[in-house]
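Keep in mind that what you see is a predicted model, and the values were worked out from it rather than measured. Only heavy atoms go into these numbers, but all of them, side chains included; no hydrogens, no water, no symmetry mates. Order of the sequence lines fixes the chain letters, A, B, ..., with proteins taken first and strands second; residue numbering starts at 1 for each chain.
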Amino acid sequence: MPEGHTIHRLAQDYAAAFAGAPARVTSPQGKCSDTAALLDGTVLHTADAHGKHLFLGFRDPGHTDWIHIHLGLFGKVTFGPAPAPPPTDTVRLRLANGTTYVDLRGPTTCALITDAEKAAIHARLGPDPLRADADPAAAYRRVSRSRTTIAALLMDQKVIAGVGNVYRAEVLFRHGIDPYRAGRDITPAEWDAVWADLVALMREGVRNNRIDTVRPEHAPEAMGRPPRVDDHGGEVYVYRRATRPCHICGGEIRTAGLAARNLFWCPGCQRT
DNA sequence: TCCTTATGTACAA
DNA sequence: TGTACCTAAGGAC
């Protein structure tokens with residue numbers, strides 16, 4: 001399930017498995033049949049990611065046909081070895097070659113777009129901590145001029161691309177920042193630290209294909225607690241830990257709705 | 001078997 | 001602010 005690290009990892013994995021040789025492209029579910037028919041038998045030459053948007057580039061550099069994929073909340077991608085099993089009726093898009101197949105289910109978006117349309121998507125997204133071209137100062141310009149809470153700003157893909165509900169909660173905890181503080185009250189030093197932390201955390205997320213945010217000194221073993229992995233597969237401080245004790249201060253983790261999502265934080269540790 | 005929930009976003013009112 | 005959209009897993013019965 002997708003925050004930016006998932007999408008960047010998928011770009012790597014699609015390219016590793018399919019770049020350079022023709023692939024069978026099908027849409028068993030039918031909702032992507034036109035795209036599949038057009039690209040079937042063509043060659044994937046590159047894959048790109050910006051925030052939570054994935055782009056698969058077919059045909060020639062210069063006039064690429066891109067498949068634009070956004071997983072939304074429910075989308076999933078599964079890779080497996082050839083031969084591909086018969087697809088279930090929810091498979092929106094399948095790529096297959098002699099060694100690997102990959103199935104896409106439940107995406108919000110799976111559409112064929114041009115270079116110009118792809119450029120327009122990049123233009124409306126904020127800097128992505130996982131991209132080499134990212135400019136954290138551009139994000140800070142928006143944050144520092146906004147009365148909106150930092151919790152909402154971190155989820156705004158126009159401000160910063162790729163952060164989702166888990167990284168938002170965890171990075172604010174790691175920096176002791178109250179999620180309800182206004183963006184304009186975040187200092188340059190705080191933003192620099194948050195950005196650098198996101199770069200490191202999300203890179204590790206790409207490597208491990210999961211979100212881990214707990215520092216080594218707070219790991220269960222180091223704290224004398226039993227080993228544990230949180231429900232969603234990673235080690236975290238506050239995400240989905242409402243009413244349970246904070247690993248650091250022992251106080252109760254709180255949750256509240258903010259912009260239609262569940263926010264999690266520790267009032268004891270996040271005082272400023 | 002039904003109900004809830006989920007790492008997301010867009011659009012209507 | 002609310003609702004629609006897409007899927008699957010887990011828990012309550």
Check: A:Asp128/A:His8 side-chain N/O donor and acceptor closer than 3.5 Å: yes
For atom CZ of A:Arg210 and atom P of B:dA6, their distance in whole Å: 20 Å
A:His247/A:His218 aromatic ring centres below 6.0 Å: no
Listed pairs, N/O of protein and of nucleotides 11-13 of chain B, under 3.5 Å:
none

Test of ring centre spacing under 6.0 Å for A:Trp265 and A:Tyr180: yes
Chi angles and distances behind the side chain to side chain donor-acceptor pair (under 3.5 Å) call for A:Asp115, A:His63: CA-CA 7 Å; A:Asp115 287 309; A:His63 13 268; over 6 Å; no
For A:Arg59, all residues meeting salt bridge (charged side-chain N to carboxylate O under 4.0 Å, His left out), sequence neighbours excluded: A:Asp65
Atom P, compared across B:dA10 and C:dA8: separation rounded to whole Å: 23 Å
For atom NZ of A:Lys76 and atom C1' of B:dG8, their distance in whole Å: 13 Å
Distance below 4.0 Å between A:Gln157 side-chain N/O and B:dG8 OP1 or OP2: no
Single-linkage hydrophobic cluster A:Leu153~A:Leu258, side-chain heavy atoms < 4.5 angstrom: no
Spacing of A:Glu3 atom CD relative to B:dT9 atom C1', expressed in whole Å: 14 Å
Parallel, tilted or perpendicular, as decided by the 30° and 60° cut-offs, for the rings of A:Tyr237 and A:Phe173: parallel
Contact list for DNA chain C against residues 23-32 of chain A - heavy-atom distance below 4.0 Å: A:Gln29, A:Lys31
Minimum heavy-atom distance A:Cys32-A:Cys110, with the two atoms named: SG-SG, 2.9 Å
Taking every non-hydrogen atom, the tightest pair across A:Leu125 and A:Ala161: CB-CB, 4.3 Å
Distance in angstrom units between A:Arg168 CZ and B:dA6 P, rounded: 12 Å
Summary of salt bridge (charged side-chain N to carboxylate O under 4.0 Å, His left out) pairs that have at least one residue in residues 85-103 of chain A, sequence neighbours excluded: A:Arg94-A:Asp103, A:Asp103-A:Arg105
Whole-angstrom distance between B:dT4 and C:dT3, as gauged at atom P: 15 Å
DNA chain B contacts among residues 104-125 of chain A, heavy-atom distance under 4.0 Å: A:Thr108, A:Arg124
A:Asp34 atom CG: more than 12 heavy-atom contacts under 6.0 Å: no
Distance test, side-chain N/O of A:Asn262 to OP1/OP2 of B:dA6, below 4.0 Å: yes
Ring geometry between A:His122 and A:Phe55 (parallel below 30°, tilted from 30 to 60°, perpendicular above 60°): tilted
Pair A:Arg174 + A:Asp197, salt bridge at N-O below 4.0 Å: yes
C:dG2 and B:dT5, which share atom name P, separated by this distance in whole Å: 16 Å
Interatomic distance, A:Leu73 CG vs B:dT4 P [rounded to whole Å]: 17 Å
OP1 or OP2 of B:dT7 under 4.0 Å from side-chain N/O of A:Arg261: yes
A:Lys52 vs B:dT9: side-chain N/O to OP1/OP2 distance below 4.0 Å: yes
d(CZ, A:Phe74; P, B:dT4) in whole Å: 14 Å
Contact under 4.0 Å: A:His70 side-chain N or O vs B:dG8 OP1/OP2: no
Separation of B:dT9 P from A:Ile160 CD1 (nearest whole Å): 13 Å
Contact boundaries on DNA chain C for chain A, cut-off under 4.0 Å to non-hydrogen atoms: C:dC6 to C:dA8
Heavy-atom neighbours of A:Arg131 CZ exceed 12 at 6.0 Å: yes
Length of the line joining A:Tyr239:OH and B:dT5:P, which is rounded to integer Å: 13 Å
Sidechain N-carboxylate O distance under 4.0 Å for A:Glu190, A:Arg181: yes
